[in-house]
Colleague: 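Would you mind keeping the following structure in view while I ask a few things?
Letters go in sequence order (proteins before strands), and every chain restarts at 1.
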Protein chains: 2
Amino acid sequence: MVNSRFSVAIHILSLIATSLDKNQLTSDYIAGSVNTNPVVVRRMIGVLKKAGLVTSNTGIAGYNLLTEPKDLSLLDIYKAIDGPKQLFAIHEEPNPACSVGKKIQTTLEDVYENVWQAMEEQLKAQTLQDVLDQLR
Amino acid sequence: MVNSRFSVAIHILSLIATSLDKNQLTSDYIAGSVNTNPVVVRRMIGVLKKAGLVTSNTGIAGYNLLTEPKDLSLLDIYKAIDGPKQLFAIHEEPNPACSVGKKIQTTLEDVYENVWQAMEEQLKAQTLQDVLDQLR
DNA sequence: TATACCTGTAACTATAATGATTACAACAGG
DNA sequence: CCTGTTGTAATCATTATAGTTACAGGTATA
């Protein structure tokens, strides 16, 4: 299974999107909601900042979204955190002397590429706003 | 990223499907093609046997498919090895006192369910025969 | 200025997942 | 009986993951 960063990123962005009292939304508070360490939160937000989804200022509590939730697809978030394009691992160095071993890697890459395309469409179809609506 | 078992299973099944000289197809030979340990291969084939995809006999080299490659979808294989239905991990015990934390898990489960459905269709659309054709 | 509180980040640690390996029981066939 | 095979339990090494410590540097306010 893929790690939980995508889940954590969506959780954090949901909190930022719905926060009323900005200066109460510290990394400490977020960590309390996600149930993790504040550093993990700040690390993740650092990634989201680099990707241009969020702003923040050193020393000042609070974060802001740079995109409306309705315009931010889950695919945007996925790409922002650099989630894996290849879902399934392919075993290393199969035997090139064997006809199957020689071509299995590129074949599987093609197969998984098709799978990934289907996933990508689904992620593109859902926005952060959809998530917020479900959270109500 | 998800582990490489799915890839290894497809590799093994491809070898079984294309093997001409049955009694040469030992777990040792397969391991050489996949580039892993024979025990890993026998373990995987044990799983495939339990799922009814393959037969073998203790002490006798060789394996046989119980389904025609054209009738064996990649989804069948995926289910046979009990691949994860949930692709992305969801963080544990978010704070129930927080409105986001309280509902984030079920919300994400729904989101990921949609993604999984899309994937499942893709896997159903491709068969072991398609893989064999690409391996040529 | 002094204090309290915050973000940003590097470095390190603990835990869990993964696959490799060892070991051996049980069976087949010459 | 001997060689080679499958089946499986148990253990080990490596890596990925997330948690944690530590601290530099900024902000705000008394």
Colleague: Report which part of the nucleic acid B/K50 touches: base, sugar-phosphate, or nothing (heavy-atom distance under 4.0 Å, all strands).
Modeller: nothing
Colleague: Expressed as a whole number of angstroms, how long is the span from B/H11:NE2 to C/dG19:P?
Modeller: 15 Å
Colleague: What integer distance in Å separates B/I45:CD1 from D/dG7:C1'?
Modeller: 11 Å
Colleague: Quick one: is D/dG7 close enough that its OP1 or OP2 comes under 4.0 Å of any side-chain N or O from B/S56?
Modeller: yes
Colleague: Can you tell me the distance, in whole Å, between the CG atom of A/L48 and the P atom of C/dG8?
Modeller: 11 Å
Colleague: Quick check on D/dT6: is either OP1 or OP2 less than 4.0 Å from any side-chain nitrogen or oxygen of B/K49?
Modeller: no
Colleague: Would one find a side-chain N or O of B/T26 under 4.0 angstrom from OP1 or OP2 of D/dT6?
Modeller: no
Colleague: Go nucleotide by nucleotide along DNA chain D from the 5' end; which of B/G59 and A/G59 gets its closest nucleotide reached first?
Modeller: B/G59
Colleague: Using a heavy-atom cut-off of 4.0 Å across all strands, would you classify B/Y29 as base, sugar-phosphate, or nothing?
Modeller: nothing
Colleague: Would you say A/E121 has more than 12 foreign heavy atoms packed within less than 6.0 Å of its CD?
Modeller: no
Colleague: Return the 5'-most residue of the pair A/M1, A/L25 with respect to DNA chain C, ranking by each residue's nearest nucleotide.
Modeller: A/L25
Colleague: Can you find a donor-acceptor N/O pair under 3.5 angstrom joining the side chain of B/R43 to the base of D/dA9?
Modeller: no
Colleague: Would you call the rings of A/F88 and B/F6 parallel, tilted or perpendicular, taking 30° and 60° as the class edges?
Modeller: perpendicular
Colleague: Closer than 4.0 Å, any side-chain N/O of B/S27 to the OP1 or OP2 of D/dT6?
Modeller: yes
Colleague: For the pair made of CG in A/N3 and P in D/dT17, what is the distance, rounded to whole Å?
Modeller: 5 Å
Colleague: Quick one: B/I60 CD1 to C/dA26 P, roughly how many Å, whole number?
Modeller: 18 Å
Colleague: Under 3.5 Å, is there any donor-acceptor pair linking the side chain of B/R42 to the base of C/dT21?
Modeller: no
Colleague: Between B/H91 and A/T36, does any side-chain donor sit less than 3.5 Å from a side-chain acceptor?
Modeller: no
Colleague: Rounding to an integer number of Å, can you tell me how far B/F88 CZ sits from D/dA16 P?
Modeller: 18 Å
Colleague: What nucleotide, of C/dA28, D/dT6, D/dA18, holds the atom closest to the side chain of B/T58?
Modeller: D/dT6
Colleague: Only distances under 3.5 Å count here; give the side-chain donor-acceptor pairs of residues 40-51 of chain B to other protein atoms, sequence neighbours excluded, each with its distance to 0.1 Å.
Modeller:
unit_1	atom_1	unit_2	atom_2	d
B/R42	NH1	B/S27	OG	3.0
B/K49	NZ	B/S56	O	3.2
B/K49	NZ	B/S56	OG	3.0

Colleague: Could you tell me which non-hydrogen atom of B/D110 sits nearest to which non-hydrogen atom of A/Q134, and how far apart they are?
Modeller: OD2-OE1, 3.2 Å
Colleague: Grab the CG-P distance between A/D28 and D/dT20 for me, whole Å please.
Modeller: 12 Å
Colleague: So B/N37, base contact, sugar-phosphate only, or nothing? Heavy-atom distance under 4.0 Å.
Modeller: base
Colleague: Establish, with yes or no, whether the OP1 or OP2 oxygen of D/dA18 is under 4.0 angstrom from a side-chain nitrogen or oxygen of A/T36.
Modeller: no
Colleague: How close or far is atom C1' of C/dG29 from atom CG of B/N57, stated in whole angstroms?
Modeller: 14 Å
Colleague: Does NZ in B/K22 sit with more than 12 non-hydrogen atoms of other residues, nucleotides or ligands closer than 6.0 Å?
Modeller: yes
